[in-house]
Amino acid sequence: MAVLVTGGGGYIGSHMVWALLEAGEEVVVIDRLSTGFRWAIAPEARMYEGDIADAALLSRIFAENAIDAVIHFAGSIVVPDSVSDPLGYYENNTVKSRALIASVVEAGIPHFVFSSTAAVYGTPEVLEPVSETVQLRPESPYGSSKLMTEIMLRDAAAAHDLTYTVLRYFNVAGADPKGRSGQSSKTSTHLIKIACAVALGKRPSMSVFGTDYPTPDGTCVRDYIHVWDLVQAHLKALQRMRAGGGSLVANCGYGHGFSVLEVLDTVKRVNGADLTVDFAPRRAGDPAMIVANPALAMKELGWVPEYDDLDVIVRHALDWEDRLSRRNATD
Ligand code: UDP
């Protein structure tokens, strides 16, 4: 059987494609290449360029390939953009996901894995690792747009022959340990990506957004998870569903967090040079602290992270950023 990866040209999707191929899976990708790249998709995958809401294209993909599972990454992910363009986010993340789920149900595809986010939690009431059972209070249209898709999946699975796994990602960072992929978007706003670009002289400076949060050093705390560990959790989710494991909603994080300043100190240390940083006001939609309780993913998926080490995450991100500069120089 084959696996359809939506957004396979994007950051996490491109790693997923490599991981599936390594696991011996046949892989089909759909990507409209609005933020992803064709060159980021492993050549062994079969690529369809187009939109996940294009029902005719989806039914052709399902007719041409023996697909038993969809892993759905395609979507928009920038929290402040979702605050300024909420309807765009609901369109791209929620409305298009609804169309994709409808195509999946129509074709009778039995398994679905969805990229959700810690942003569905908002700021937890107590500053401790969050379990899946805490109250969901997204603070940005991005978080709401993802939560709405979770709800659609739950209800579609109750009504149809569909099993799903929702994985709520904390802060995904780093790059393929074998150097085949990484975060390649020039418009990425992720902290570790930006800090690595500054460290390598690709950007002159960066800002720390907010120094007055109720956290130990006043900057936001996040649970940074290595992208390769994250895609391995998806593989486990796929195996579990195929074995009849049923639907699941689980956090993907390590269970401990780092502040923005701690991340910047790590980038300085690992790279061996200073960073030019200024201090700016809070960014819209940012919760003060969000750290995962990953116990459920570990228990249900048998997921054992391999790269739970901020130095390694930063080293891999720096290596990719460097490789990307050489690649762009020869493009
Ligand atoms: N951040 C920052 N400077 C930057 C990018 C991010 O201070 O140039 C902060 C951001 O405000 C947040 C944390 O780093 O507190 C993580 O942000 P990121 O965009 O990486 O992920 P998010 O948590 O928003 O998904």
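Just so you know, ligand 1 is whichever comes first in the structure, and atom 1 is the first atom listed for that ligand.
Residue Val260 places no N or O, backbone or side chain, under 3.5 Å from any N or O of ligand 1. By the 3.5 Å distance cut-off applied to N or O atoms, Asp286 is counted among the residues near ligand 1. Between His190 and ligand 1, no pair of N/O atoms sits closer than 3.5 Å.
A salt bridge links Asp319 with Arg315; the closest basic N to acidic carboxylate O contact falls under 4.0 Å. Between Arg222 and Glu262 there is no salt bridge, since no side-chain N of the basic residue sits under 4.0 Å from a carboxylate O of the acidic one.
Of all protein heavy atoms, the one closest to atom 23 (O) of ligand 1 is Arg222 NE, 2.8 Å. Scanning the protein heavy atoms around atom 21 (O) of ligand 1, the nearest turns out to be Asn171 ND2, 3.0 Å. Of the protein's non-hydrogen atoms, Leu191 N, 2.8 Å is the one closest to atom 20 (O) of ligand 1. The protein atom (non-hydrogen) at minimum distance from atom 5 (C) of ligand 1 is Thr189 O, 3.4 Å. The nearest heavy-atom contact from the protein to atom 7 (O) of ligand 1 is Phe209 N, 2.9 Å. From the protein, the heavy atom lying nearest to atom 17 (O) of ligand 1 is Arg283 NH2, 3.5 Å.
Counted by atom type alone, Tyr164 and Glu150 present zero donor-acceptor pairs between their side chains at under 3.5 Å.
Checked against His234 for a ring pair (Phe, Tyr, Trp, His ring centres under 6.0 Å), the options Tyr169, Trp18, Phe114 give a single hit: Tyr169. Shown are Ile71, Leu58, Ile109; of these, the side-chain contact (heavy atoms from CB on, under 4.5 Å) with Leu4 is made only by Leu58.
Relative ring orientation between His256 and Phe258 is described as perpendicular, the plane-to-plane angle rising above 60° on a 0-90° scale split at 30° and 60°. Between Tyr11 and His190, the ring-plane angle classifies as tilted under the 30° and 60° cut-offs.
In this structure, Tyr89 contributes its side chain and Val78 its backbone to a donor-acceptor pair below 3.5 Å. A donor-acceptor distance shorter than 3.5 angstrom exists from the side chain of Asp223 to the backbone of Gly255, with no hydrogens or angles considered.
Contact annotation for Phe279 and ligand 1: no heavy atom of the residue comes within less than 4.0 Å of the ligand.
Near Cys220, the atoms of ligand 1 lying under 4.0 angstrom from a non-hydrogen atom of the residue are 15 (O). Within the listing of ligand 1, atoms 7 (O) sit less than 4.0 angstrom from a heavy atom of Val208. Listed by number with element, the atoms of ligand 1 under 4.0 angstrom from any heavy atom of Ser207 are 2 (C), 3 (N), 4 (C), 7 (O), 8 (O).
Contact annotation: Tyr142 has no heavy atom less than 4.0 Å from any atom of ligand 1.
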